[in-house]
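Here the structure comes first, spelled out in structure tokens, and everything after it is commentary.
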Amino acid sequence: MALLAAVMASSATAQHPLILAKLKGWNDAAPAPPSAMLNAEVMKTAIAVQGRNGGCLPTSAVIDRLQPATAERYIFNGLIRGQIRNGWTEIVRHPNCGPEVTRYMTMQQTDGTLNTVRVNRGVSYAHDSLIGDTVPLASLAADQSLRKAGAGCEVSKPGTLGVIRIASEDPGLGPDIYGVRYAGGWSEIWPVSLCGRTVEVLVHFLADGDGGAYTDIKDEAAKLLPSVK
């Protein structure tokens, strides 16, 4: 671990061969659990989340893609501290709830138990920690858009994030490496529901080379959607 910490503290980026070798070693040492276990975890989380939030209650889950999330900040830090074994993201469809996909992240504790969270609905290249960091900023942009339109209200918590979609990819956008993009940039459209209205917020991400990303949200690019009667 001392070597890993030294590399991280240096000016080397996360694509440094030693970092990538460590990520590969962690991932190889803790392969994904059987699909039946992951599917059960996803369903348990989906039903719990939808039970709290309302809306369509899934009756099944189809995992379209499974990939390691070893480099995602929460998983990475947990591995360094010896608190977890590994983590994975699942791109899932719930056929009875519509065509959009939902992304989940499953973490395996050191005793083998699993814990699954819902990351987002729709398609996003931002990993779980990055989404958590960005939601308050997107909500602020939505709030400003509503106030300019005379539709604002007093709020005490961030808005509800809807189905995300990719708006564009910058030239040079790097591949997903163990759950993180280390190079390039991209833009996403985040529908944020606040004050009974929905605002589509354009979020641009620029990878910082260390597993995170800089975000750029321009208030003037936010689009207030018509109210639903």
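Numbers here simply count residues along the sequence, with the first being 1.
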(message) Applying salt bridge (charged side-chain N to carboxylate O under 4.0 Å, His left out) to Arg165 and Glu200, what does each step give before you reach the verdict?
(response) CA-CA 10 Å; Arg165 62 186 188 272; Glu200 290 191 336; 3.2 Å; yes
(request) Evaluate the criterion side chain to side chain donor-acceptor pair (under 3.5 Å) for residue pair Glu72 and Ser129; output intermediate values, then yes/no. (result) CA-CA 7 Å; Glu72 198 278 341; Ser129 299; 2.4 Å; yes
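Val199 and Ala222 make their closest contact through CG1-CB, 3.8 Å (heavy atoms, listed as atom of the first residue, atom of the second, distance). The heavy-atom pair separating Val42 from Ala61 by the smallest distance is CG1-CB, 4.0 Å. When all heavy atoms of Ala32 and Leu66 are compared, the closest pair comes out as CB-CD2, 3.8 Å. When all heavy atoms of Gly152 and Cys195 are compared, the pair lying nearest together is C-SG, 4.1 Å.
Using a 4.5 Å heavy-atom threshold, the side chains of Asn120 and Thr102 count as separate. Annotation: side chain of Cys153 is not in contact with side chain of Leu146 (no heavy-atom distance under 4.5 Å). The shortest distance between side-chain heavy atoms of Leu194 and Val155 falls below 4.5 Å. Looking at Val180 and Tyr182, their side chains come closer than 4.5 Å, going by heavy atoms from C-beta outward. Between Val192 and Thr160 the shortest side-chain heavy-atom distance does not fall below 4.5 Å.
With hydrogens and angles disregarded, no donor-acceptor distance shorter than 3.5 Å links the side chain of Gln109 to the backbone of Gly112. Looking at His127, its side chain does come within 3.5 Å of a backbone N or O of Leu130 through a donor-acceptor pair. Remark: the backbone N or O of Gly174 is paired with a side-chain donor or acceptor of Arg181 at under 3.5 angstrom. Checked by atom type and distance alone, the side chain of Asp219 never pairs as donor or acceptor with a backbone atom of Ala142 at under 3.5 Å. The backbone N or O of Leu173 lies less than 3.5 Å from no partner atom in the side chain of Asp170, so there is not a single donor-acceptor pair. At distances below 3.5 Å, not a single donor-acceptor pair connects side-chain atoms of Asn27 with backbone N or O atoms of Asn86. Checked by atom type and distance alone, the side chain of Asn96 pairs as donor or acceptor with a backbone atom of Thr59 at under 3.5 Å. No side-chain donor-acceptor contact under 3.5 Å links Glu188 to the backbone of Ala167. Remark: side-chain polar atoms of Arg85 are not paired, donor with acceptor, to backbone N or O of Leu79 under 3.5 angstrom.
Checking Thr106 against Thr116 by side-chain atom types alone, a donor-acceptor pair falls below 3.5 Å. When only modelled atom types and interatomic distance are considered, Thr113 and Gln108 share no side-chain donor-acceptor pair under 3.5 Å. A donor and an acceptor atom, one from each side chain of Arg52 and Gln50, are nowhere located under 3.5 Å apart. Using a 3.5 Å distance cut-off with no hydrogens or angles, the side chains of Glu41 and Tyr104 do not pair a donor with an acceptor. Side-chain contact of Thr215 with Thr134: a donor-acceptor pair under 3.5 Å is absent, judged by distance alone.
Salt bridge absent: Arg118 and Glu90 never bring a charged side-chain N and a carboxylate O closer than 4.0 Å. Comment: Asp133 engages Arg73 in a salt bridge, judged by a side-chain N to carboxylate O separation of less than 4.0 angstrom.
Cluster membership check: Tyr178 shares its hydrophobic cluster with Ile131, using side-chain heavy-atom separations under 4.5 Å among Ile, Leu, Val, Met, Phe, Trp and Tyr. With hydrophobic clusters built from ILVMFWY side chains whose heavy atoms lie under 4.5 angstrom apart, Ile75 does not share a cluster with Leu38. Placement of Ile166 and Ile217 within a single hydrophobic cluster is found when ILVMFWY residues are connected by side-chain heavy-atom separations under 4.5 Å, directly or transitively.
Between Phe205 and Trp190, the angle of the ring planes lies from 30° to 60°, which puts this pair in the tilted group.
Here Trp26 and Phe76 bring their ring centres to under 6.0 angstrom of each other.
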